[in-house]
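The block underneath contains the structure these notes are about, expressed in structure tokens.
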Amino acid sequence: MKKRHEQKLIVLSVALFLVFNIPFVLIFNVDGHLFGIPYFYVLIFSTWLLSVVISFIVLKRHYE
Amino acid sequence: MSNYALVIIIVVYLAVLFYIAFIAEKKRQSKWVNNPYVFTLSLAVYCSAWTYYGSVGIAANSGINFLPIYLGPVIAAPLWIVVLRKIIRISKQHKISSIADFISLRYGNNRFLGALVTAICLIGTLPYISLQLKAVSETFEIMSDDTSYISTSIIDDSTFYVALLLAIFATFFGTQNTDASEKHKGIIASVAFESILKLLFFLVIGIYATYYLFDGTSDIYNKILAITDLKPLTTIGSLEEGFNWAFTMGLSFMAIFLLPRQFQVSVLENNREKHLKQAIWMFPLYLLLFNVFVIFIAWAGKLTFGNTQNAEYFTLFLPLKQGHSFLATLVFLGGFSAVISMVIVSTLALSTMVSNNLIIPYGFLDKFIKNQPERNSKYIKNIRRISIFSIIIVAYFFYVSFSKELSLYAIGLISFTIISQLAPSFFIGLYWNRGSARAAIIGMIVGVAIVLYTLVLPFTLDAFTGSDSFTELGIFGVEALKPYELFGLDFLSPPAHAFFWSISFNLLCYLVFSLIYKGNYRERNYAEMYVDSKNFTTLQDRVLVWKGEAYVNDIKNVLIRFLGENKANRALNIFFTKYKLPQDTQLADARLINFSEKLLTGSIGSASAKILIASVVKEEQISLVEVLKILEESKENIVNNKILIEKSQELSQLSSQLKQANKDLIVKDRQKDEFLDTVAHELKTPITGIRAATELLMDEDDDMPKDMKQQFLKNILQDSDRLGRLINNILDFEKLETGRLNLDMSRQDIHVTITKAISSLKQIAAKKEVRIINKNQHHFYLHYDEDRILQVLTNLLSNALKFCEPKRGEIVVDYKLGNQFLEISVSDNGKGIPEEDHDYIFDKFYQSQHQNTIKPQGSGLGLAITKQIVEKHHGKIWAKKGLKNGASLVFKLPFK
């Protein structure tokens, strides 16, 4: 995989590191729920799922 | 459900696993065994009973804290593309057999470091295995006696038997091959199968709890909101909690790389780097699926039972309460799968480490040197088997002594914290070539000591002495050294606190000591290899610098001891063929040393391999500077070789071009000589004639008749003309060749020009009785230099005349209009152009070898000049091929 595409994944990792940590993650401290799932979980799981999708796309396109 | 039924179910399940592993080993090469999905699922060995049961416990009691254990791997997964790939490449190249090997090799194949890493892994993994045993024992209890949860003496027995069963299963499967670098495809296949099962059953129970016992997620949420304040369970409440969250994530990030079982499945058992392509996104997805229902199971349990005691086993209690014991059995099997896969892979990894880095280097090497290969192989297998067995039994005793007090979660965190002490030397060692062995050792010891002091000692003392004065007052009453609040830092949970202090000191020691103490040359050699691994793959066996005296025979003997005569000989043959050395080479060089060390690494680990080989060769000490210099030279040599090969190819191309040019020059030179000969001859003839005639005329004695005198004078004139013509030809040609000739272009009538040309030769034609026919009578105007085209036509006509037969000869001049060209042809019915001359007639100085006269006619320049003139008009001239008799020369001139 070319270096410039590898860097996309590295940046994804760094982004996740920032998002999942304080103080950023305190943004997820929202009261309430979405269909019975508390917002904190919704946001964490959505970010999680998004990272899976992004990894999938990057790898599919650029890993020969 | 009775004990015995449960045991039978377990045995049947183990048999199924055994069968799967067996089939997978048989079909090692098939796509079912070697694909990225199996690889990804094998990575899920990360999810053990801790994930299966422990998460629900945490979710019920303290909310979100179960998540960071999985967020660490989620953050790590995209980095695998660089980090894990590098690790896999290095490991494959050096036939690494464990994480202890990997780290010790990086720091110069340091034996003590390998042993230290093994010890750390043992201390770290034993609690984890006992955690699994605790889970099995407690779930067994729950399943077999579903109303109460009281431990009786039967329980100890059953756990012991389960431990025994696990030990036997693991022992048998993990040690088929002595070469630990052989892949355990069977085990990996069964681990993958178990990963599917445990996810499946966990999802089933999740759906059951959410949609069957209740009416979906909103229903559970609303109901739970009614009885508890959800805020502490669904948010990060304070900065302290935030720190704990962050540190736990850091722990799990390191764990996914460093845990012996993870290193085993992700690095050592990896078949193809390409599998990473799927693993990077699929593994986080697996973890996501595993975690979606956790909170709902926890809340469902709380709603059903009213409290969160034994929340860890809600997944079993919920179906059992409703009488759905089949579902409960499935859940139990799921948890059991999680336990088995973790235990099997961990003990496999640990036993290899123990055997290669603890026992063999520090005990058995001498014995091995003296022994037969078959016995050595048996010894190694037995050492491994005994290790596996002992590890599980010791874990059982750990469980019995300690696990009653601690929760699954707490034990797991202790284990992770201990293993994470490998992190600084592991990760920094991959990217910083200055990291030295001494620093790694000091850092690790300091880190482990801090963990033991702040995490392990407190509960051990508490368990044995029953008092918590240590925790409250610190060692010797020194408040600053209170184990859970070192130096007054009191807002972190014990595991986060331990992690923070231990990693900080570990890291600091590693960095500082690496800067102070320089590693020896061998360390630096390996360090360069790891850090710069991309460039070093080309060097292969030359990567390790070695100077000294070694004999092939000595090395061969050592190899025979471990591989047997056949394998050793075959390996050496391959080596000699690869490097194009004769089969009876006596002296061994650095490449053979490296090659042999790698061969042995699989069986006995790299540290022992190095010791063994070192014992039969004599190494010279070389300085660090020299090592680096030699490495640089080797790298340069490879690059230079490539450049040399390219240059030499260029050179041979150039040289063949030069040869060709030389040949051409020789031909041209010969032609020039011929031309000079001809020209000299041509010039001589008229001059001789002139001279003779003049002499005769000067002779007044002779009474020459008047018309004879006239004749001679005419001859002189003719000959002078001829001379003049010849010289003009040569001058013309020279001008044309050097491009100095300017054409005087004007609009002319081709018909007029042709008529002029024909009339100028009329006399000669008449003399020879040859007819010249001007076929085309149309007038046509185009731009050309009339004098020059006249010259062309005259030349063509006189050639035609030359070769025509007298009386019968006929020359036809014709022209026709083409596409943007006017084509003029001069055809005769004479001798024609011989086959072999056809391509050359327009070459200068070319004379046909087949002219019927002894004296060649003309200077050979006529047609060459003609061609130049035509081409200067941007036209073309050629001779028609394939004519039966006679010749036809055609030239075309462009017109706008």
Side-chain angles (χ1 to χ4, degrees), chain A, chain B residues 59 63-64 67-68 70-72 74-83 85 210 214-225 230-231 233-239 241-243 245-246 249-250 253 273-274 276-288 291-292 294-296 299:
Chain A
M1 195 167 171
K2 295 213 180 72
K3 210 166 175 195
R4 62 175 186 271
H5 303 306
E6 280 175 12
Q7 289 169 350
K8 291 181 189 164
L9 287 174
I10 296 180
V11 169
L12 174 65
S13 210
V14 172
L16 285 174
F17 176 76
L18 290 173
V19 167
F20 283 146
N21 265 312
I22 46 165
F24 203 104
V25 78
L26 294 175
I27 295 179
F28 296 164
N29 269 347
V30 177
D31 267 339
H33 66 109
L34 181 72
F35 296 122
I37 314 172
Y39 271 126
F40 189 89
Y41 290 107
V42 170
L43 291 167
I44 294 253
F45 282 133
S46 320
T47 319
W48 193 335
L49 192 60
L50 187 64
S51 82
V52 170
V53 169
I54 294 178
S55 312
F56 175 72
I57 294 178
V58 171
L59 285 163
K60 179 132 193 208
R61 275 208 204 137
H62 302 300
Y63 199 118
E64 72 291 333
Chain B
I64 53 167
L67 276 179
Y70 308 100
L71 294 178
V74 170
I75 297 179
L79 289 176
W80 280 349
I81 193 74
V82 264
V83 180
R85 204 160 59 162
T210 315
F214 292 86
D215 293 319
T217 52
S218 310
D219 185 32
I220 296 187
Y221 184 83
N222 291 325
K223 289 207 173 109
I224 200 85
L225 201 56
L230 274 185
K231 216 169 156 137
L233 292 181
T234 56
T235 54
I236 295 184
S238 60
L239 209 61
E241 271 192 53
F243 276 124
W245 168 276
M249 237 190 318
F253 178 94
E273 260 174 42
K274 265 194 90 167
L276 280 179
K277 181 182 179 186
Q278 270 74 15
I280 291 178
W281 64 269
M282 240 192 266
F283 183 61
L285 185 63
Y286 182 96
L287 294 177
L288 179 65
N291 281 291
V292 269
V294 169
I295 41 167
F296 297 111
W299 291 341

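Each chain gets a letter, A, B and so on, in the order its sequence line appears, and its residues count up from 1.
When heavy atoms are compared at a cutoff of 4.5 Å, B:Ile224 does not approach chain A at all. No part of B:Leu225 comes within reach of chain A, as not one of its non-hydrogen atoms sits under 4.5 angstrom from that chain. Proximity to chain A is limited to the side chain of B:Trp299, based on heavy atoms less than 4.5 angstrom apart. Heavy-atom distances place no part of B:Phe253 under 4.5 Å from chain A, backbone and side chain included. In this structure, the portion of A:Val25 lying under 4.5 Å from any heavy atom of chain B is its side chain and not its backbone. Contacts between A:Leu9 and chain B at a heavy-atom distance below 4.5 Å involve backbone atoms as well as side-chain atoms.
When every heavy atom of B:Lys277 is checked against every heavy atom of A:Lys60, the shortest pair comes out as CE-CA, 4.2 Å. Scanning all heavy atoms of the two residues, the minimum distance from B:Arg85 to A:Tyr63 falls at NH1-OH, 4.3 Å. For A:Ser13 against B:Leu79, the heavy-atom pair with the smallest separation is OG-CG, 3.1 Å. Listed here is the closest heavy atom pair of A:Leu16 and B:Val74: CD1-O, 3.8 Å. Residues A:Leu12 and B:Pro78 share a closest heavy-atom pair of CD2-CG, 3.9 Å.
For the set A:Ala15, A:Ser51, A:Pro38, the entry with the most heavy-atom pairs within less than 4.5 Å of chain B is A:Pro38. Most heavy-atom pairs under 4.5 Å with chain A, from the set B:Ile64, B:Leu67, B:Asp219: that is B:Ile64.
Atoms CZ and CG, from A:Phe45 and B:Leu288 in turn, are 6.0 Å apart once rounded to the nearest 0.5 Å. Rounding to the nearest 0.5 Å places CD1 of B:Ile75 at 6.5 Å from CZ of A:Phe20. Atoms CD1 and CD1, from B:Ile81 and A:Ile10 in turn, are 9.5 Å apart once rounded to the nearest 0.5 Å.
Counting heavy atoms from C-beta outward, A:Val53 and B:Trp281 have side chains that stay 4.5 Å or more apart. For the pair B:Leu285/A:Phe56, no side-chain contact is recorded, criterion being any heavy-atom separation below 4.5 Å from C-beta on. Side-chain contact between B:Leu71 and A:Ile44 is present, with heavy atoms from C-beta onward closer than 4.5 Å. Taking the side chain as every heavy atom from C-beta outward, B:Asn291 and A:Trp48 approach each other to under 4.5 Å. Contact of the A:Ile37 side chain with the B:Tyr221 side chain is not registered, since no non-hydrogen atoms from C-beta on lie closer than 4.5 Å.
A donor-acceptor contact shorter than 3.5 Å is absent between the side chain of A:Ser55 and the backbone of B:Ile280.
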